[in-house]
Structures are given as structure tokens and as C-alpha cells.
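So you know, we letter chains A, B, ... as the sequences are listed, proteins then strands, and number each from 1.
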Amino acid sequence: MTLDPTATLGGRLPATLRDQFPYLAQELNGHPLAYLDSAATAQRPTAVLDAERAYLERSNAAVHRGASTLVGTSTGAFEEARATVAAFVGAGDREIVWTENATDAINLVALGMADASAGLGGSEADVFALRPGDEIVVTEAEHHANLIPWQRLAAKTGATLRWIPVGDDGTWGIDDAASVIGDRTRVVAFAHVSNVTGFAAPVADVAEIAHRHGALVVLDACQSVPHRPIDFGALGVDFAAFSAHKMLGPTGIGVLYGREQLLDALPPARTGGSTITTVTMERAEFLPSPHRFEAGTQPVSQAVALGEAVRFLDGLGMGGVHAHEAELAELLVDEVARIPGIRLVGPPPGAPRAALASVDVPGVHAHDVGQFLDAQGIAVRVGHHCAQPLHRRLGLRATTRASAYVYTTADEIRRYGAALAEVRGFFGAGA
Amino acid sequence: MSDLSGLYQELILDHSRRRVGDGELADPHASHHELNPTCGDEITLAIRLDESGSTIERIGWTGDGCSISMASASALTELATGAEVEQVRRLVDAFRTMMRSKGAGEADEELLGDAVAFHGVSKYVMRVKCAMLAWVALEACVASATARDA
Ligand SMILES: Cc1ncc(COP(=O)(O)O)c(C=O)c1O
């Protein structure tokens, strides 16, 4: 198994990249590991691991609490990470809120809106208050993280949840969105890139329609921020969520982006220490964003490590990352499409897609497909990928997903294709 | 592929294709639906007892899942049909013990018959629930059918 450095990186990125990811040097079941599950969680380069350790060895202290030299150092590192992440996504420092993960970030918006609907944010929060008759719009392709919080918000406020339908391939278009978004719509929440189909939504166009109807736009950017250049301001979204662990960073930290005026008005769903200006026995006044949302002790070393992950990606250049992945996406689709009888979910061959592919192997359950690949050292994700309604719509219960990232090689994708071609024979599911 | 043969023994692959007991059972004495939320595998298993209420006369199930879960339902049907309720309880216990063994020890072949083929599955922690699915449903059916009789 030789690694072709130009295939690894599309000739654009450093040829030594793989050496910087110790995890990838492992074997799995006696074969060199082909890690094709980065859409679930990405592996971390040594620089990111070292940055977290270096912070803990030299700079660790409480942040924003107390006045010592040590607190100055830790707080500086914490806020510098925020500025790094902000610049990475075209945001201002006050537009980046640390959360536990992307799921938590979406919940923070939905829960804040529930609070606003209950009258908790005062008149500034009116823009977030929902009433019966108002509508929340999502798509049929959402990850449960961007569906269930909105179901709950609808149930709490009497608003109606509606969804943009998807076609037989799991994708949707601007006309589908335009037919659902209307004057009653108050929020439109959707994924930039689907974690199942790899389809990229026409974000700016949807945002334009939503804003014309006075609705807020919430973007699930989990599968886009790690993989392509992003400027939330230019996209025109009001809120966005992403997770550090899918972008070479640590678990335990995610990001909520929001436009500054909106974040300053959104009621903080979680309250407590570090979020306030004045507290009496009866009530509390909250700080502006981001600190109004960051209740309690924060994931500080994780924030520092995320900052380092962003520097690492910036070093590669997100344009180059995107180009590399576009090449891998094409190869992945070619590999799958040449196997007879396999159903590829998502955009058809030739259409743009993220570097991930979910497939159904007729007659063989996804678990068995995954196990077969696992035995050959190929790690993929099987199941419904937290998108049950989408799978139901596609007439499937589970699929097998292969996903690539900066360190994925063409050779790994070819190994996947070769192994996938043998699955039906092994399980006696016909040629 | 030799590494996979411990998991996918010929007997298991064979059962996953034959699916003994696949089909809805008319007039069941008990029926139970079991779902594995992590993978979406599911089964609805039903039993009919004989007139004395002490023997399982028929088992029928409908389900959707991986080869391990479907083969396990099939092997269970073959093994438990015609067995006394007390014997079925012992079977379920023995099967569960085997599935918790992480591949260690010897399975009770005298009691479990063909179902010992699933011993190899117990090494794959992520697949144990697949193998258990039908057995958990059977256990629930037996409990509810016998509770009603009592
Ligand atoms: C599209 C999408 N949305 C949301 C999530 C949830 O991310 P997390 O579990 O890190 O909160 C994921 C990842 O699992 C995802 O792929």
C-alpha cells in the first residue's frame, strides 16, 4: 500500500501532511487503516494535540475570573482562540459563542427563542418570540440535531413546524424552498451540506427568500466549515453552528455564530456565573454576547486547541482543501458508480457534492457492509447517520457512508471501491 | 476475508437467507416489538402456546435488520418451536450468557444447538445487540403469555 503524495493532496497541500496525524499510521484488523469516517469525527494533527498540552502545561488558569497575572494569560489565550475562529468564518469576535458542540449551539438558539416566546427577553427579544400561527421551516434532510430542537420549540410555542421536501435522491432546490417559506415563516433552519447526501444547499438564495419574508436563518454548518472557505456575513445567515471535532479540533467544544445585534438580544437559555452584569436577590442583568451565553466554567484548553486547528487549516488554505476534496468526491462517486447494483444516495454522478458518499447495497444490510469493510481495515459509518426522516423518505433504513478529509488519499478511496465491489458476492446477495 | 469467518459462519449466513419463521403469526398469545435505536434494526416476534399453555407451538416474526439479527431470529425459531416454556427460558439465559462471553469459554452446544454459531459474534461488542434482538423479544413474549395464563 503506497501513498502517492500528489494523489493525497491534489498537488496543492504539503506532501508531509499524513505524518502529522499519528492516528492514521495505525493498522485496523491487520491492514493499514483507511479512515473514511471524518464526517463523523476528524483526526487531530500533532500541532493541535501539542497546543492543548502546551496551554495546560504553562497557561492554565480560570478565565475571566479574578485579576491575577495567570488569569490574564489564560484569558488571553481563550479570547485569542475566539478571534482566530471568528476571522476564519468572516465573523466579529463578539459573534462567536463557545458551546459544547454544534447540537448545543442549535439548542441555544431554539431554547433562547422559547424563552423569548415566554416573555423572558423583554421587547428587544420580540424578534425571537413565536406564537401560534407562526411557522418554523426545516428540510426533510436534516440531522436530528437540526430537527428535534425545532420540534420542541414548535411544541412549546404553538408554532407550526414545516419542511422543505426532498426528491428521490435526497436533495432539494430553491423552488422547493420558495414554495414552503412564506409570510408566516419566522425561522428557516437547514444544513449547509448534508451529512448523508453531500448536497450543498443554495444558502445565500434561501437566506434572501427568508429575509424577504422577515424570517431568521439558522445554518447547520457542521459539514461545511471544515471543508470549504466560509464567510457567514457574505452568506447572509443570522445564526450558524459547527463542531470543533469535525475540523481537526477537540471534542467538547462547538461554536454558535450569530449576528451581533441578534446575539445581544437573544435570551440566554443557560444562566449562571460569568454571564451577568448586576445580580440582586430578585433578578439578573446579562452581559452582551458572547459572555451572556457562556455560563459556568468553559472548555478552555479545547478552545485553544480549536484555535490551533483553525491555524492548521488556514495554513493548508481552505481553497486548496476544497479543491482536494472535490477531486476525492469525484473519485469516490466513480468508484461507487462502476459497481453494478449499488445505489448512490444524493446528487447524481457529475453534480457537485461534498467528499462523502452514502450507499445502499441491495440485499445486504449496512451493518454487514460496514463489518466487511472493517475487516479490511476500512473504517466507514453505517446506520441512519442521525437522519431517520431522510432515510425513510429514501425508502431506506440505513446506509453505508464513506467520507474524506484533508488527509484522505486517492488510494484509500480506491481500496474502498475495491472492497465494496466484493460485498454482494460475500453475502450471496446476487451479482 | 478469513478474519470475518468467525463472525459470519456459514450457518449464520445460511439462516440469514432462509429466515425460518419469517411471516406474521395468526392469533398469537403474545407479541413483542423490539427496536435497536442505534442502528434501526427491528423485529416483531409473536408466539402461540399449545392447549396446555406449557409449550411453544409456533413462532412467527417480521423484521428488518442486518444478517446477524435476522439469522438469530431464524435460528431461535428453529430451536424454540415445540420447546417447553421452561426450556425456552433456559435457552434465552444460555444464549445471553454466551453473547456476554466476549468469545471466551465454550458455548453449551447441547442446549443451544446451531445457535452456538453465534458464539463468535460475542467478540464483536458492537454486534451483540443485533444477535440479542429476537431473543429479547422472545423473552418478553414468554413473560407476557405466561403472566396472562396465571
Ligand atoms: C450535519 C450535521 N449536523 C449536526 C451534527 C451534530 O454535531 P455534534 O454531534 O458535534 O453536535 C452533525 C454531526 O454529527 C452533522 O453532520
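Using non-hydrogen atoms only and a strict 4.5 Å limit, the part of residues 356-370 of chain A facing chain B consists of A:His365, A:His367, A:Asp368.
In terms of modelled atom types and a separation under 3.5 Å, the side chain of A:Gln26 and the main chain of A:Tyr23 share a donor-acceptor contact. Listed for the A:Arg381 side chain is no donor-acceptor partner under 3.5 Å among the backbone atoms of A:Ser403.
Pairs engaging residues 65-95 of chain B under the ring pair (Phe, Tyr, Trp, His ring centres under 6.0 Å) rule: B:Phe95-B:Phe118, B:Phe95-B:Trp135 [sequence neighbours left out].
Taking all atoms of both residues into account, the shortest heavy-atom contact from B:Ile43 to B:Ala134 is CD1-CB, 3.8 Å. Nearest approach of A:Met247 to A:Ser243, heavy atoms of both residues: CG-O, 3.6 Å.
When A:His391, A:Gln388, A:Gln371, A:His384 are compared by the number of non-hydrogen pairs under 4.5 Å with chain B, A:Gln371 comes out ahead.
Taking a cutoff of 4.0 Å between a charged side-chain nitrogen and a carboxylate oxygen, A:Glu140 and A:Arg162 do not qualify as a salt bridge.
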